[in-house]
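Read through the structure below, which is laid out as structure tokens, and then see the notes.
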Amino acid sequence: MKTSDQIPSAPLAEIRGISKRFGGVVALDQVNLTIRPGEVIGLVGDNGAGKSTLIKILSGAYLPDQGEILFEGQSVQIRNPRSSKDLGIETVYQDLALVDTLDVPGNIFLGREIVKFGFGPLRVLDKSQMAREAENILQRLGISLESLQAEVGLLSGGQRQSVAISRAILTEPKLIILDEPTAALAVMEVGHVLELVHNLREHNIGLVFISHVLQEVFEVADRIVVLRKGRKVADLVKEEASIDLVVNYMVGKIEEKKTHA
Ligand SMILES: Nc1ncnc2c1ncn2[C@@H]1O[C@H](COP(=O)(O)OP(=O)(O)O)[C@@H](O)[C@H]1O
Ligand SMILES: [Mg+2]
């Protein structure tokens, strides 16, 4: 079901007062953030601001020192990557972790292969079923690849990104985190990935999009959240933001004002 613009939907995830330190370094300091379904949050901040730490807490790579996470209204403990996935959170990291020698369906179904019969090393995979489902996902996302049989190592950066995102949506997650999805792409391909982010949002998935290219963030995000030295210093709906304003928050020219969660 799609939520209409008039009815604010219940939060998907609520991060409340999250803090994390590494030795003497305060990576996150009392961060609050609400993510709603169908919403794209652009998460920005200078190097070392705490972006990766925040998403790693959501993906179960780090435990917070303090604070609470609610998912669909329930207080949850995200202890490891498994428990993050079980909640319906998928993270696409910059390195993508694809297997270059496998084809497209092989990568989308990596670790979740559909088995025709047998088990362990003797199992026989249902390749045609995986190919059909891979095709479905790609179509749903508006991705067109010339051939699914191509080794993923031969695809372009943008196509690889599409495959990684397709793999992330295989389990029908509720929240997708994209860490710098356009960083390694040729300029021509950036548009495709941004379009893909748009398509995901129409499936009512919550999205966190990290990028240091503010033009891109403004193109896809509904809200822009700025971290600076571990603190959330701005949480702006796009319409009330501008690139200049965001930059001023990033570099500390405007001090933190009290923002909503
Ligand atoms: N595993 C870690 N060990 C020690 N310090 C870390 C670790 N991860 C992040 N930090 C520190 O925490 C701060 C925030 O880092 P990070 O979340 O990676 O920022 P960003 O992704 O915004 O560049 C930085 O000062 C960084 O050096
Ligand atoms: Mg980072």
Side-chain angles (χ1 to χ4, degrees), residues 12-13 52 54-63 69 71-72 76-185 192-193 196-197 199-200 203-210:
L12 178 61
S52 293
L54 185 60
I55 64 157
K56 283 179 178 170
I57 285 174
L58 284 172
S59 67
Y62 294 151
L63 286 172
I69 297 172
F71 201 81
E72 298 185 308
V76 294
Q77 305 277 341
I78 305 176
R79 294 181 190 284
N80 49 46
R82 183 75 262 154
S83 65
S84 173
K85 281 174 188 280
D86 287 346
L87 288 171
I89 302 171
E90 283 287 338
T91 308
V92 181
Y93 289 106
Q94 217 179 309
D95 64 15
L96 299 182
L98 298 174
V99 179
D100 284 348
T101 51
L102 285 178
D103 64 7
V104 174
N107 269 282
I108 293 178
F109 283 91
L110 194 65
R112 295 187 283 244
E113 291 84 358
I114 302 175
V115 176
K116 223 193 256 176
F117 53 80
F119 56 89
L122 299 177
R123 69 197 174 148
V124 173
L125 302 183
D126 194 339
K127 291 215 163 158
S128 55
Q129 179 72 16
M130 290 196 287
R132 274 195 301 276
E133 292 195 20
E135 188 117 46
N136 265 334
I137 292 170
L138 293 167
Q139 205 170 10
R140 251 177 73 192
L141 291 176
I143 301 166
S144 57
L145 296 177
E146 262 166 47
S147 158
L148 295 190
Q149 272 80 54
E151 283 187 11
V152 158
L154 300 173
L155 299 179
S156 71
Q159 291 170 328
R160 290 165 60 78
Q161 188 71 48
S162 303
V163 173
I165 293 173
S166 301
R167 179 166 79 187
I169 75 151
L170 182 66
T171 54
E172 308 206 341
K174 295 166 182 163
L175 175 60
I176 296 188
I177 300 166
L178 300 171
D179 194 357
E180 302 256 2
T182 56
L185 302 188
H192 285 133
V193 170
L196 186 48
V197 173
N199 293 347
L200 287 173
H203 289 92
N204 223 20
I205 296 170
L207 269 148
V208 178
F209 177 88
I210 299 180

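Since the structure is predicted, the reported quantities are computational estimates derived from the model, not experimental observations.
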Nearest 0.5 angstrom please: T91 OG1 to I176 CD1, how far?
9.5 Å
Rounded at 0.5 Å granularity, tell me how far CG in L175 sits from CG in L87.
9.5 Å
As an exercise, state the distance from OH of Y93 to OG of S52, rounded to the nearest 0.5 Å.
8.5 Å
State the CG-CE distance between D103 and M130, to the nearest 0.5 angstrom.
8.0 Å
Which heavy-atom pair separates V197 from L178 by the least distance, and what is that distance?
CG2-CD1, 3.8 Å
N80 and L63: side-chain contact (heavy atoms from CB on, under 4.5 Å), yes or no, with the steps?
CA-CA 8 Å; N80 49 46; L63 286 172; over 6 Å; no
CG/L138 to OG/S166 distance, rounded to the nearest 0.5 angstrom?
4.5 Å
Could you list the donor-acceptor pairs under 3.5 angstrom formed by side chains in residues 115-128, with sequence neighbours left out?
residue	atom	partner	partner atom	Å
D126	OD1	S128	OG	3.4
D126	OD1	Q129	N	3.2

Is there a side-chain contact between K174 and I205, using heavy atoms and a 4.5 Å cut-off?
no
Non-neighbouring partners of S162 that pass side chain to side chain contact (heavy atoms under 4.5 Å, CB included), sequence neighbours left out:
I143, L196
Atom of L102, atom of G106 and distance for their closest heavy-atom approach
CD1-O, 3.9 Å
Are T171 and K85 side-chain neighbours, meaning at least one heavy-atom pair lies under 4.5 Å?
no
What do the steps show when you test R160 against D100 for salt bridge (charged side-chain N to carboxylate O under 4.0 Å, His left out), and what is the final call?
CA-CA 10 Å; R160 290 165 60 78; D100 284 348; 2.8 Å; yes
Can you name the closest pair of heavy atoms from Q159 and L145 and give their distance?
CG-CD2, 3.6 Å
Rounded to the nearest 0.5 Å, what's the gap from CG on D179 to CD1 on I210? Could you check?
4.0 Å
Closest heavy-atom pair and its distance - S84, G60
CB-N, 4.1 Å
What heavy-atom pair brings I108 and L170 nearest, and what distance separates the two atoms?
O-CD2, 3.5 Å
For a side-chain contact (heavy atoms from CB on, under 4.5 Å) check, start with the C-alpha distance between F109 and E133, then their side-chain angles and the critical distance, and finish with the verdict.
CA-CA 9 Å; F109 283 91; E133 292 195 20; 3.6 Å; yes
Using a 3.5 Å cut-off and no angle test, enumerate the donor-acceptor pairs between side-chain atoms of residues 147-155 and protein atoms at least two apart in sequence or in another chain.
residue	atom	partner	partner atom	Å
S147	OG	Q149	N	3.0
S147	OG	A150	N	3.4

Give the intermediate values and the outcome of side-chain contact (heavy atoms from CB on, under 4.5 Å) for residues E90 and I165.
CA-CA 9 Å; E90 283 287 338; I165 293 173; over 6 Å; no
Crowding at CZ, R79 (>12 non-hydrogen neighbours, <6.0 Å):
no
I need the minimum non-hydrogen distance between F71 and A13, along with the two atoms involved.
CD1-CB, 3.9 Å
Is there a side-chain contact between I57 and I69 (heavy atoms, below 4.5 Å)?
yes
